[in-house]
Number of protein chains: 2
Amino acid sequence: MKLARSDRGSQTRELLLATAERLFAEYGVEGVSNRQVSEAAGQSNNFAVGYHVGSKEDLVVAIVRPHAASIERRCGEMVAQLPDSPGLRDWVSCLVRPAVEHLASLGVPSWYARFIAQATTHPTFRRLVVGEAFASRSFQRCHEAMFRLVPLLPEEVRRERDDMGRLMLVHICAERERALQEGTASPHSTWESTATGLVDALVGLWLAPVTARW
Amino acid sequence: MKLARSDRGSQTRELLLATAERLFAEYGVEGVSNRQVSEAAGQSNNFAVGYHVGSKEDLVVAIVRPHAASIERRCGEMVAQLPDSPGLRDWVSCLVRPAVEHLASLGVPSWYARFIAQATTHPTFRRLVVGEAFASRSFQRCHEAMFRLVPLLPEEVRRERDDMGRLMLVHICAERERALQEGTASPHSTWESTATGLVDALVGLWLAPVTARW
């Protein structure tokens, strides 16, 4: 059965997105050109990315969007099942577990955690990724609820700990994703235990006393 | 005055190391060949890295070594000035401040934090970097002293939090280094305040209660 033109186009687009995600995860978003993505995806037309997806920025957003939608769906479900008067740990769980469970659902090898680690090192792409991945409705809601349960912090410290939490989540997941692919992950660890460890650590981070410094 | 052959050789070597550090920081250690380093350093001989430094592994070690020596010296001095019966925060400070102060001493732009962030994503280079940068005598001493003041943790959790602490230190410094270069660092933040924030966060991380999971 011959595929209709639009089906073939959509398959090519999927192939380009998957190829770009892997290459960006390995070599960084800046280190890989749209032309290299087209070539690695076996497209004879070097402008396949431009034709099927658009600019590098469009490509980054197109990679993030389906992952972000899956995480947002899981987050919404988790929020709906929260007990009455959720505590700090409950809200932190809602910020951590949906992303970690989504990564677990991708199987081995997956590239998304490393893609996010790479994309967030670049100011433009970071803005795009944060806009897509961390600005969802449920995520925002959990974030705000979490802050209401954290002792009052100077704005600078709050922003700093937000960065620390994001870096810890992204890079612990990226290291685990890499270790799973290379067969070097600890045999005792699972994505589930990784999530539990991250929740404990983030609760400790947010409750840590602040040394005066200004 | 003409330089003696060995002086010229040593200058070329320094230039190659500085060029490699910058390129590795920007594009990853795997993403840059020794040939590209030689070219970017303006060497007509494409094998200049091989001649003056050696393999890619030798290059990584040669970049780390002088930074690690400076950090180790600062760490030794800080340990020598510790009060009697130092507390957890004192030992964590000795693990964080020497590295952060060293980065501050490099001026803007520096590349070392981003170089470490990149090099530690690769299993072989990570082993080399950790061997050079995190295995120094004073660093080991502080690390062990810190563990004696942390509540008893399951081995798996201890290793996990060690990873989290390393990732937080490395990536917070790498982000700050990048923001300083791009002029986007918060006007309120200094390397000194970054170190204080990291010490508070790491103390919180190590003291965080552990949820049972096995």
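So you know, we letter chains A, B, ... as the sequences are listed, proteins then strands, and number each from 1. Treat the numbers as computed from the prediction; the structure is a model and nothing was measured.
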Contact origin within R166(A) toward chain B - heavy atom pairs under 4.5 Å: side chain
Using side-chain heavy atoms (C-beta onward) and a distance below 4.5 Å, is I172(B) in contact with D163(A)? yes
Taking all non-hydrogen atoms of both residues, which atom of A208(B) and which atom of G204(A) are closest, and how far apart? CB-CA, 3.7 Å
Taking everything shown except R73(A) itself, do over 12 heavy atoms lie less than 6.0 Å from its CZ? yes
Output the option from T120(B), T121(B), V210(B) having the highest count of non-hydrogen pairs under 4.5 Å with chain A. T121(B)
Please lay out, stage by stage, how T211(A) and R89(B) fare under the test side-chain contact (heavy atoms from CB on, under 4.5 Å). CA-CA 11 Å; T211(A) 304; R89(B) 183 173 298 272; 3.1 Å; yes
Value rounded to 0.5 Å, distance of CD in E160(B) from OG in S186(A): 9.0 Å
Side chain R161(B), main chain A201(A), donor-acceptor under 3.5 Å: no
Output the distance between atom NE2 (H122(B)) and atom CZ (R178(A)), rounded to the nearest 0.5 Å. 9.5 Å
What part of E26(B) lies closer than 4.5 angstrom to a heavy atom of chain A: side chain, backbone, both or neither? neither
Can you tell which part of E192(A) gets under 4.5 Å to a heavy atom of chain B, answering side chain, backbone, both or neither? neither
When heavy-atom pairs shorter than 4.5 Å are enumerated against chain A, which of T184(B), V203(B), T196(B), L207(B) gives the highest number? T196(B)
What part of R126(B) is in contact with chain A, defined as an atom under 4.5 angstrom from a non-hydrogen atom: side chain, backbone, both or neither? side chain
Under a 4.5 Å cutoff for heavy-atom pairs, which residue among E175(B), M168(B), Q118(B), E30(B) has the most contacts with chain A? E175(B)
Any chance CZ of R159(B) has more than 12 other-residue heavy atoms, nucleotides or ligands included, within less than 6.0 Å? yes
Taken to the nearest 0.5 Å, the spacing of L205(B) CG from L202(A) CG works out to 9.0 Å
For Y27(A), does the OH atom have more than 12 heavy-atom neighbours from other residues, nucleotides or ligands under 6.0 Å away? no
